[in-house]
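Position 1 is the first residue of the sequence; numbering continues from there. Hydrogens, waters and symmetry mates play no part in the numbers below; they use all other heavy atoms, side chains included.
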Amino acid sequence: MFSNLTFNGSSTRTVFLFLFLLLAFLSPINSQTFTNGTQDNTGGCDWPFSSMATYNNEFYGFYRVGSYPNYTYKLVKWNGSSWTTLGSFTPNDAQPGYGASDYVSLAIDATGKYHVAFKLSQISGGCCSQERGVWYGSRTNGSTWSFAKVSAYSDPNGWKNVYDIVLKVDGNNIPHIIFDYDDVNGGRSYEVRHSFFNGSSWTTEQVYVQAGNASNEVNAPNFAIDGNNKLHVAFQAETNGSGLDGGLFYTNNVSGSWAPPTVLAAGAQGMTQGNVISIVTDAANKVHLVHRNYQGLIYLNNVSGSFSGGQINGNLTGGIDFESLRMNSSGDMALFYNSAGTFSDPDVAKYAYLLSGSGSTWTIGTAYNPGGSGYQMLNFFSASFTNDKKIAALYDYVSGSCGAGNPRQLRYSVSTAIAAACSVTINSVTPTNATCSMNNGSIAISASCTGCTGSLEYSVNNGSSYQAGSTFNGLAPGNYNIKVRDSGNTSCEATYGSNPVSVSGVDADCDGFTVGQGDCNDSDPALNPNTQWFLDADNDNYYTGSAVTQCTSPGAGYKRTGLTGGGDCNDSDPAINPATQWFLDADNDNYYTGSAVTQCTSPGAGY
């Protein structure tokens, strides 16, 4: 699906010439498991152009096989172990008397309806005035294909043509097609055009046009549709008249009309940008794109409001296609790319992914590596990515020299689900202090994990030992260092950021009060904030007034023990208190009569 390929800094329309830069292995290889195999063959050396889409977490493919003019288009579905053919048609079915050309594109709308776009050209007539252009097909399961000519052109000299056909459907199930239109007659015109179905017919409009200079081409347009059904288009445009300075341009129709393009990455002589572009939008209608420039693979987004980014993982190189970058409903991104090389050099099918919220480092792995030499693959490819994080790709492959006896193949790679990178988070740690000079402290830990393969294990001794439970009981007073790990992947662990955690020894006298709660003497259970003090100034063990409740003595004369009772009517005379006995000696001869009267105050005269 490449149309603008760069070789030694020069751009060309010839789809048989391009250079991919050497891949640098930058990130740890992920152990994703891929099922690889051969789906079809071309019967010769023609390229099996393909496109992919997902629906209900299932993979679908649309591709072209055969040799000109006897091509066949096929729609297939991955059934878990192989591809099932859902339907097929020939170029003659779509337009009698026409043959297929290079480009195909597939989209599936919310109802499950299939939409395809492809390029046809008229077979009859001498070179080169035949009509050529963009055609569209659609069908639902069990129905026949319906076809329409979207935008086609003829020219006596054959100088009008279309390239880089990409189809997508919006939230209203309306199909949109972006393509490159060239008219190289006279002053020449290179355009990005947009076609959409208006309910009864197709309408085509200009997105961007660059005219007047034969070398200032517009190449490799691609687009994404956001949640508001607005289009975001990126493309390469050359500006200095050399054909060697392609820059990365971006525009959208968010305002209702096409905005003047923004230069995201300016090209320079021999240092092109946007050679191939793959673009998506997220749930917040922000744009994410990967493009190949003269250095490698560049990831940009406008999440912060303006576009920013850089080379993936610092120095990732390789080759991409229009459907290389995919995003699922969770915001996870997957990138399918080739490792590097020319048409004659061995290549490797690579993938990278960046899970939502997982930082800026892409995880990189190998989908398929035939090994050895003497083969060609991944010159033209397509890929898709499901909500349950599976990657699939279709791509060309041939070992040795292709021909009728050794045809170019359409191969596939389909992965198992990507597991989220293991990450343990310690949410909270709650210590409970030890009391009564006993080992009865505890620590409760709350933690969570993404990507764990086992249950969580917990440690309070810095990982010397672990237990399955998140609460530790019977702890002595002291300091503890908390760690939590994945039992299925013990290298996936977290250390608590506020280590050490202290378990204090409190309420040593076990009176129910700690020093922090106002216990003024934690070694004497009788002294605490509930201790009652009584005033017995004459020390006769009888107090006067009410008790004072506090931990420390209120002052001189106060007692908390050894008291007989209250009601002292004279607290300055130890002989006078409620136990004092009074005797009646009316004649004052020191002999009394009757029985004693026990009370604090005198019963009357003569006592």
message = For Tyr412 and Trp83, take the angle between the two ring planes, folded into 0 to 90°, and tell me which bin it lands in: parallel under 30, tilted 30 to 60, perpendicular over 60.
response =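 Judged by the thresholds at 30° and 60°, the geometry between Tyr412 and Trp83 is perpendicular.
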task = Take the angle between the ring planes of Tyr543 and Phe534 and call it parallel below 30°, perpendicular above 60°, tilted in between.
result = tilted
query = For the residue pair Tyr250 and Phe307, is the inter-centroid distance of their aromatic rings smaller than 6.0 Å?
reply = yes
request  = Kindly say whether the aromatic ring centers of Phe34 and Tyr351 come within a distance under 6.0 Å.
outcome  = yes
Quick one: does [X]'s side chain get under 4.5 Å of [Y]'s, heavy atoms only?
X      : Y      : value
Val414 : Phe59  : yes
Thr514 : Asp522 : no
Ile418 : Phe385 : yes
Asn427 : Ser448 : yes

query = Is there less than 2.5 Å between the SG of Cys436 and that of Cys510?
reply = yes
query = Are Cys449 and Cys422 within a span of less than 2.5 Å, counting SG to SG?
reply =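 No; the two sulfurs sit 2.5 Å or more apart.
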Side chains of [X] and [Y] only: does a donor on one sit below 3.5 Å from an acceptor on the other?
X      : Y      : value
Asn79  : Ser82  : yes
Asp321 : Ser324 : no
Asn541 : Thr564 : no
Ser329 : Asn387 : yes
Asp282 : His288 : yes

For the side chain of [X] and the backbone of [Y], is there at least one donor-acceptor N/O pair under 3.5 Å apart?
X      : Y      : answer
Asn462 : Asn481 : no
Thr386 : Lys390 : yes
Asn528 : Phe513 : no

task = Could you pull out the closest heavy-atom pair between Leu248 and Leu289, with the gap in Å?
result = CD2-CD1, 4.0 Å
Verdict with reasoning, Asn293 to Thr272, per side chain to side chain donor-acceptor pair (under 3.5 Å) = CA-CA 6 Å; Asn293 72 1; Thr272 56; over 6 Å; no
key: Atom pair CH2/CG of Trp258 and Asn253 - distance to nearest 0.5 Å   =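 Interatomic distance, Trp258 CH2 to Asn253 CG, rounded to 0.5 Å: 4.0 Å.
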query = To the nearest 0.5 Å, how far apart are CZ in Phe336 and CG in Asn338?
reply = 9.0 Å
Full working for side chain to side chain donor-acceptor pair (under 3.5 Å) between Asn275 and His291 = CA-CA 7 Å; Asn275 298 329; His291 72 101; over 6 Å; no
For a quick test of your reading: what N or O donor-acceptor pairs under 3.5 Å do the side chains of residues 595-607 make, sequence neighbours left out?
residue : atom : partner : partner atom : Å
Gln599  : NE2  : Thr601  : O            : 2.7
Ser602  : OG   : Gly604  : N            : 3.2
Ser602  : OG   : Gly604  : O            : 3.2

task = Using the ring of Phe223 (Phe, Tyr or Trp, six-membered ring only), decide whether Lys168 places NZ or CZ under 6.0 Å from its centre and within 45 degrees of its axis.
result = yes
message = Name the residue from Tyr353, Tyr299, Tyr337 that meets the ring-ring contact (aromatic ring centres under 6.0 Å, His included) definition with Trp362.
response = Tyr299
Salt-bridge present (Asp524, Arg560; N to O < 4.0 Å) = yes
